[in-house]
K.L.:
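First the structure, then my questions, so here it is.
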Amino acid sequence: MAFAGKYQLESHENFEPFMKAIGLSDELIQKGKDIKSVSEIEQNGDHFKVTVTTGTKVMVNSFTVGQEAELETMTGEKIKSTVNLVGNKLIVSLKGIESVTEFNGDTVTATMTLGPIVYKRISKRIQ
């Protein structure tokens with residue numbers, strides 16, 4: 001399945017409680033809650049490069065499915081983990097956060113779970 005493309009955040013649920021739980025300051029949470037981030041996904045076989053631009057912050061993660069890679073979290077911390085591909089989903093665990101990114105046509109649904117808090121982001125293809 002081809003995942004490559006550019007996607008813009010359309011809606012999200014539980015942003016503030018999730019960001020607070022991962023340790024972002026109230027100031028950063030307030031700044032980020034209304035920004036429509038853009039995710040660009042480049043794919044070459046099992047190798048991915050994901051660039052997420054949120055306002056002036058740019059986060060880039062490159063990884064090969066099934067191989068350990070150093071990934072940057074939303075707090076800027078770098079953690080070694082392995083991204084797995086299951087059907088149309090990219091799945092990774094980072095510091096107790098279970099992240100599932102599901103591709104369905106022109107829609108990408110990212111669900112991040114930390115304990116009882118589930119943060120859901122829905123993005124639509126813009127390119």
Side-chain angles (χ1 to χ4, degrees):
M1 181 171 199
F3 301 108
K6 203 177 253 195
Y7 304 85
Q8 184 168 33
L9 180 66
E10 193 171 76
S11 65
H12 53 166
E13 301 165 10
N14 286 331
F15 175 81
E16 291 184 51
F18 184 83
M19 295 304 158
K20 197 173 285 255
I22 65 169
L24 284 188
S25 70
D26 287 341
E27 180 187 349
L28 287 175
I29 292 169
Q30 291 310 309
K31 275 186 187 174
K33 71 178 184 175
D34 296 320
I35 295 175
K36 299 291 185 193
S37 65
V38 174
S39 302
E40 184 171 3
I41 300 169
E42 298 171 48
Q43 179 185 6
N44 184 359
D46 280 346
H47 184 76
F48 288 79
K49 179 180 176 188
V50 180
T51 305
V52 180
T53 305
T54 308
T56 57
K57 180 170 172 31
V58 178
M59 184 173 71
V60 179
N61 280 316
S62 294
F63 59 89
T64 300
V65 170
Q67 294 181 19
E68 187 176 70
E70 189 174 76
L71 303 171
E72 185 178 348
T73 68
M74 288 185 243
T75 60
E77 190 175 354
K78 300 215 185 253
I79 297 173
K80 287 187 184 237
S81 195
T82 303
V83 180
N84 292 299
L85 178 62
V86 179
N88 63 338
K89 298 176 184 173
L90 291 169
I91 301 171
V92 65
S93 239
L94 295 167
K95 270 193 103 171
I97 299 168
E98 183 71 24
S99 174
V100 178
T101 304
E102 183 174 1
F103 296 83
N104 193 349
D106 288 339
T107 303
V108 176
T109 303
T111 307
M112 287 162 262
T113 306
L114 178 61
I117 303 168
V118 179
Y119 171 45
K120 187 174 182 179
R121 299 170 43 93
I122 299 171
S123 300
K124 293 282 186 195
R125 183 186 298 270
I126 55 174
Q127 257 181 319

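Being a predicted model, the structure only gives us computed values, none of them experimental. Counting from 1, the numbers follow the sequence of the chain as shown.
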K.L.:
Answer yes or no: is there a side-chain heavy-atom contact under 4.5 Å between Val118 and Thr111?
P.N.:
yes

K.L.:
What I'd like to find out is whether the side chain of Leu71 reaches to under 4.5 Å of the side chain of Val92, using heavy atoms alone.
P.N.:
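Yes, their side chains come closer than 4.5 Å.
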
K.L.:
So Ile29 and Lys20, do their side chains get closer than 4.5 Å, heavy atoms only?
P.N.:
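Yes; the side chains approach each other to less than 4.5 Å.
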
K.L.:
Determine whether Ile117 and Met19 fall in the same hydrophobic cluster, where Ile, Leu, Val, Met, Phe, Trp and Tyr are linked whenever their side-chain heavy atoms lie under 4.5 Å apart.
P.N.:
yes

K.L.:
Quick check for you: to the nearest 0.5 Å, what is the distance between Ile97 atom CD1 and Ser99 atom OG?
P.N.:
8.0 Å

K.L.:
Is there side-chain contact between Lys49 and Asn61, with at least one heavy-atom pair below 4.5 Å?
P.N.:
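Lys49 does not reach Asn61 side chain to side chain.
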
K.L.:
Report the residues that fulfil ring-ring contact (aromatic ring centres under 6.0 Å, His included) with Phe63, sequence neighbours left out, ordered by chain and then residue number.
P.N.:
Phe48

K.L.:
Please name all residues satisfying side chain to side chain donor-acceptor pair (under 3.5 Å) with Gln30, sequence neighbours left out, ordered by chain then number.
P.N.:
Glu16, Lys33

K.L.:
Once you round to the nearest 0.5 Å, how far does CD1 of Ile41 lie from OG of Ser123?
P.N.:
8.5 Å

K.L.:
Return the minimal non-hydrogen interatomic distance between Ile35 and Gly55, and the atom names on each side.
P.N.:
CG2-N, 3.6 Å

K.L.:
Is there a side-chain contact between Tyr119 and Leu114, using heavy atoms and a 4.5 Å cut-off?
P.N.:
no

K.L.:
With sequence neighbours excluded, what pairs up with Ser25 under the side-chain contact (heavy atoms from CB on, under 4.5 Å) test?
P.N.:
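Per chain and number, Ser25 pairs via side-chain contact (heavy atoms from CB on, under 4.5 Å) with Glu27, Leu28.
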
K.L.:
Under the salt bridge (Lys or Arg N to Asp or Glu O under 4.0 Å) rule, what pairs show up with a residue in residues 104-119, not counting sequence neighbours?
P.N.:
Asp106-Arg125

K.L.:
For residues 35-48, which residue pairs qualify under salt bridge (Lys or Arg N to Asp or Glu O under 4.0 Å), counting only residues two or more places apart or in two chains?
P.N.:
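Qualifying pairs: none.
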
K.L.:
To the nearest 0.5 Å, tell me how far Thr64 OG1 sits from Leu85 CG.
P.N.:
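Between Thr64 OG1 and Leu85 CG, I get 12.0 Å after rounding to 0.5 Å.
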
K.L.:
Can you find a pair of side-chain heavy atoms, one from Leu24 and one from Phe18, that are under 4.5 Å apart?
P.N.:
no

K.L.:
Nearest 0.5 angstrom please: Ser39 OG to Phe3 CZ, how far?
P.N.:
14.5 Å

K.L.:
So, the side chain of Glu98 versus the backbone of Ser93: is there a donor-acceptor pair under 3.5 Å, distance only?
P.N.:
no

K.L.:
Is Phe15 reachable from Tyr7 through a run of hydrophobic residues whose side-chain heavy atoms are each under 4.5 Å from the next?
P.N.:
no

K.L.:
Applying side chain to side chain donor-acceptor pair (under 3.5 Å), name anything that partners Thr73, two or more places apart in sequence or on another chain.
P.N.:
Thr75

K.L.:
Taking C-beta and beyond as the side chain, do Asn104 and Thr109 meet within less than 4.5 Å on heavy atoms?
P.N.:
no

K.L.:
Quick check on the hydrophobic clustering: are Val100 and Leu90 connected, directly or via other members, by side-chain heavy-atom contacts under 4.5 Å?
P.N.:
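Each belongs to a different hydrophobic cluster.
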
K.L.:
Is there side-chain contact between Val108 and Ile122, with heavy atoms separated by less than 4.5 Å?
P.N.:
no

K.L.:
Under a single-linkage definition using a 4.5 Å side-chain heavy-atom cutoff for Ile, Leu, Val, Met, Phe, Trp and Tyr, are Val65 and Ile91 assigned to the same hydrophobic cluster?
P.N.:
no

K.L.:
Ser37: which residues meet the side-chain contact (heavy atoms from CB on, under 4.5 Å) condition with it, sequence neighbours left out?
P.N.:
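Counting only residues at least two positions away or on another chain, Ser37 forms a side-chain contact (heavy atoms from CB on, under 4.5 Å) with Leu9, Val52, Thr54, Arg121.
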
K.L.:
Listed by chain and number, what are the side chain to side chain donor-acceptor pair (under 3.5 Å) partners of Thr51, not counting sequence neighbours?
P.N.:
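If we apply the side chain to side chain donor-acceptor pair (under 3.5 Å) test to Thr51, skipping adjacent residues, there are no hits.
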
K.L.:
Same cluster or not: are Val50 and Leu94 linked, directly or through other Ile, Leu, Val, Met, Phe, Trp or Tyr residues, by side-chain heavy atoms under 4.5 angstrom apart?
P.N.:
yes

K.L.:
Under a plain distance cut-off of 3.5 Å, with no hydrogens placed, do Thr107 and Lys124 share a side-chain donor-acceptor pair?
P.N.:
yes

K.L.:
Scan residues 66-77 for pairs that pass salt bridge (Lys or Arg N to Asp or Glu O under 4.0 Å), counting only residues two or more places apart or in two chains.
P.N.:
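Checked against salt bridge (Lys or Arg N to Asp or Glu O under 4.0 Å) - neighbours excluded - the pairs reaching residues 66-77 are Lys57-Glu72, Glu72-Lys78, Glu77-Lys95.
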
K.L.:
Residues in side chain to side chain donor-acceptor pair (under 3.5 Å) with Thr82, at least two apart?
P.N.:
none

K.L.:
Going by salt bridge (charged side-chain N to carboxylate O under 4.0 Å, His left out), name the residues that satisfy it together with Lys89, two or more places apart in sequence or in a different chain.
P.N.:
none

K.L.:
Could you give all pairs that pass the ring pair (Phe, Tyr, Trp, His ring centres under 6.0 Å) test and reach residues 68-87, with sequence neighbours left out?
P.N.:
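Of all non-adjacent pairs touching residues 68-87, none passes ring pair (Phe, Tyr, Trp, His ring centres under 6.0 Å).
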
K.L.:
Report yes or no: does Asn88 contribute a side-chain atom to a donor-acceptor pair with the main-chain N or O of Glu102 at less than 3.5 Å?
P.N.:
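No, because the side chain of Asn88 does not come within donor-acceptor range (under 3.5 Å) of the backbone of Glu102.
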
